[in-house]
Each structure stands twice: as C-alpha cells, then as structure tokens.
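The chains referred to below are lettered A, B, ... by the order of the sequence lines, with proteins before strands, and numbering in each begins at 1. No experiment lies behind these values; they were computed from the predicted model shown.
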2 protein chains.
Amino acid sequence: MNAKQQNIDEVFTQVKQILDDYLKKKGLRKTLERYTILREIYAINDHFEIDELYERMKNKKYRVSRATLYNNMEVFVDAGLVIKHQFGTNSAQYERAYNYRQHDHLICLDCNKVFEFCDPRIIQIQKTTENLLGFNIVQHSLQFSGRCRTLETNW
Amino acid sequence: MNAKQQNIDEVFTQVKQILDDYLKKKGLRKTLERYTILREIYAINDHFEIDELYERMKNKKYRVSRATLYNNMEVFVDAGLVIKHQFGTNSAQYERAYNYRQHDHLICLDCNKVFEFCDPRIIQIQKTTENLLGFNIVQHSLQFSGRCRTLETNW
DNA sequence: CTCTGTGCAAACTGTTTGCAGAACG
DNA sequence: CGTTCTGCAAACAGTTTGCACAGAG
C-alpha cells in the first residue's frame with residue numbers, strides 16, 4: 001500500500017465516524033450503500049455530477065441506483081461531508097467537504113471552465129453575518145463569473 | 001404619475017440605453033419583445049423564476065413565449081442587466097442588476113427561506129481575485145446556507 | 001430581400017416519486 | 001418482525017431545440 005492510498009484510508013476512517021454519529025443522531029440506518037457511496041466520493045479529487053458518480057460505480061460493478069445516490073447525497077450534505085454546488089449548468093455538482101482545501105470558484109462565461117481560488121476573508125464575512133443575523137451558518141458558496149483573458153477582444 | 005412610477009421610468013431609460021449599446025455591439029436586433037420583457041423585469045422588486053415572469057406577462061396580455069424569455073434572459077445576463085442565481089431549487093432565479101441594492105443571500109436549510117445581507121468586503125475579495133488570476137469579473141454570487149434559529153434544537 | 005428572432009410544440013435531461021422486495025435494528 | 005432503504009421504471013419539471021413564419025435591418 002502506497003502513501004497516497006494510506007492517506008485516503010485515514011481520511012475515510014474519520015469520515016465514516018462522522019457519518020456514523022450523524023446517522024445515530026438522526027435515527028437513520030447504517031446501510032452498506034451509504035458507506036460504499038461515501039468511500040467512492042472521497043476517492044474523487046474534483047467536482048462531479050451524480051451521473052459521473054453513477055458511471056464510476058457501475059464500472060466498478062457496484063450495483064447502485066441513481067435514486068439511492070440522490071437520496072444519500074442529501075444525507076451527506078446535511079452531515080457536512082459533501083458540498084453541493086449549482087453552477088450555471090442545469091445539473092448540480094458535488095465535492096467532498098471534509099479535510100479538503102477551502103476554496104471557491106471562478107467560472108468563465110466564454111469557455112465555462114471552473115477555476116478555484118482561496119481568500120480567507122470570506123470566513124470573516126461569514127462570521128459577521130452569523131452574528132448579525134443570528135444564523136447558524138453551515139456552508140458558504142462564493143462564485144465569481146467573468147472572462148478569462150483569452151477571448152477578451154470580443155467584449 | 002407618482003414619484004415611484006417616475007423613478008421606474010427613469011431607471012428604465014438608462015437600462016434601455018445599456019441594452020441598445022449592447023445589441024449594437026453584438027450585432028443583435030432591437031425587437032419589441034426584448035424591451036417589453038426588460039421593462040417587465042425592472043418592475044419586479046424581487047427574485048423571480050422564468051415561469052413567474054411568463055405568468056405575469058400573460059396576465060397583462062403580452063404574447064410572449066417561454067422560449068423567447070429563456071433566449072433573452074441570456075442576453076440580459078450577458079449585458080449585465082440581470083443576475084442569474086441557482087439556489088438549492090431546480091429552477092434558476094433571476095433579479096434585475098442595474099441600479100439595485102448590492103446584496104447577497106442566506107438560505108435556511110430548514111425552511112428554505114431566502115434572506116438578504118450586504119457586506120462590502122466581498123468587493124475587496126473580488127478585486128483581489130481579479131488581479132491575482134488575471135480575470136475580468138462580471139458578477140459575483142455569494143450564498144450562505146444554514147439554519148435560522150427557530151428549529152435549532154434539532155441539531 | 002435576407003436572415004435573425006419569435007411562438008409553438010415536441011424533445012431532452014436532471015431529479016423525484018411510487019412501489020415491491022431487501023435488509024437494518 | 002416492523003419499518004426504513006433500495007432498485008427500477010415511470011412521472012415530472014425546467015430548459016432546449018426544430019421548424020415555419022414574422023419582422024428588423
């Protein structure tokens with residue numbers, strides 16, 4: 001087992017623990033599917049759509065239905081283990097949330113590419129808002145859209 | 001004519017000018033529909049979905065098809081006159097962009113209500129990102145999701 | 001006159017739902 | 001054992017597309 005695989009396993013152990021606690025607290029069942037799906041998600045290093053996850057799992061001969069994926073994404077999001085994004089496209093994009101680089105997104109209106117960036121000041125805004133409005137904030141989602149410099153002459 | 005109506009007309013004159021410039025620059029045509037739709041949008045003081053806009057216009061006996069609405073929303077967004085949001089729901093939400101209060105959104109995971117807040121620091125983050133990544137940023141979208149204090153005991 | 005924009009309806013695509021059987025507690 | 005979770009397929013909802021005609025340039 002190489003170092004990378006070991007790290008994945010370590011993270012997954014922690015993530016599994018969080019899921020267990022969450023399921024217990026909510027009175028939900030520990031099903032094999034939930035763990036299998038979560039493990040698969042934590043092996044993906046990027047944003048993904050439900051259909052990509054479905055194909056990935058189908059290729060590995062896991063028998064999971066789309067409905068189950070949709071169901072459980074909701075569970076994972078609520079447990080704080082997965083972040084759900086709605087970029088410009090029609091399908092939702094997900095990414096793992098635990099022990100993952102904090103970052104936000106920058107989408108090019110011309111080429112639709114998604115870039116990532118990180119600015120710690122967003123956390124300060126979050127804290128201020130929490131206090132100001134008496135909200136318990138679980139997640140933030142910041143997107144900038146614009147044009148990367150390649151096609152600039154058009155505009 | 002009251003003061004409120006006068007203000008709507010004033011704003012619309014400016015907005016119309018921006019659209020005209022944009023259409024000219026892009027070689028698009030000035031159609032009656034584009035102006036009618038834009039005027040209707042600028043009479044709405046809130047977020048709205050395509051279908052709401054469609055119903056509003058139908059009630060006023062304007063004959064507009066959904067396809068035309070979808071087509072032109074894209075034009076307006078690109079012209080910077082309308083902002084498109086994708087909150088948790090499946091349908092996109094729009095709001096007018098010109099001469100409108102700068103604000104962002106806070107969505108409650110329990111009751112799905114959308115609150116607004118404003119923090120000027122977001123603009124600083126935007127500028128930094130623009131410089132850092134060499135991007136020409138047209139629009140930002142910041143959302144916090146969490147729980148308003150009512151149902152706090154559940155979690 | 002040409003060609004973009006429009007209305008309409010059908011097609012498409014992502015997501016949700018209903019149901020019968022599997023399996024967690 | 002009772003009840004939740006799953007897989008499957010059908011239903012649904014928002015959006016896009018194809019086509020014939022209207023109308024801007």
Applying side chain to side chain contact (heavy atoms under 4.5 Å, CB included), can you list everything that pairs with B:Lys30, at least two apart in sequence or on another chain? B:Asp20, B:Leu23, B:Tyr35
Quick one: salt bridge (Lys or Arg N to Asp or Glu O under 4.0 Å) partners of B:Asp21, sequence neighbours excluded? none
How does protein reach along nucleotides 12-25 of chain D, written 5' to 3' as B (base within reach of a heavy atom under 4.0 Å), S (only sugar-phosphate), or - (no contact)? --SBBB-----BBS
note: A:Leu69, atom CG; C:dT13, atom P; distance rounded to Å ~ 19 Å
Between OH of B:Tyr62 and P of C:dG7 the distance, given in whole Å, is 14 Å
For A:Lys60, give me all partners under salt bridge (Lys or Arg N to Asp or Glu O under 4.0 Å), at least two apart in sequence or on another chain. A:Glu40
Show which residues join A:Ile107 in its hydrophobic cluster (side-chain heavy-atom contacts under 4.5 Å, direct or indirect), or state none. A:Phe87, A:Val114
Table please: side-chain donor-acceptor pairs of residues 137-144 of chain B below 3.5 Å, with sequence neighbours left out.
residue	atom	partner	partner atom	Å
B:His140	ND1	B:Gln126	OE1	3.4
B:His140	NE2	B:Asp104	OD1	2.9
B:His140	NE2	B:Asp104	OD2	3.3

I need the CD-P distance between A:Gln93 and C:dT13, as an integer number of Å. 17 Å
Counting only side-chain N and O atoms of A:Thr68, is one of them less than 4.0 Å from OP1 or OP2 of D:dG7? yes
Taken to the nearest whole Å, OH/A:Tyr35 to P/C:dA23 is 17 Å
Can you tell me if A:Glu116 has over 12 outside heavy atoms packed within less than 6.0 Å of its CD? yes
Please report, rounded to the nearest Å, how far the P atom of D:dG7 is from the NZ atom of A:Lys58. 13 Å
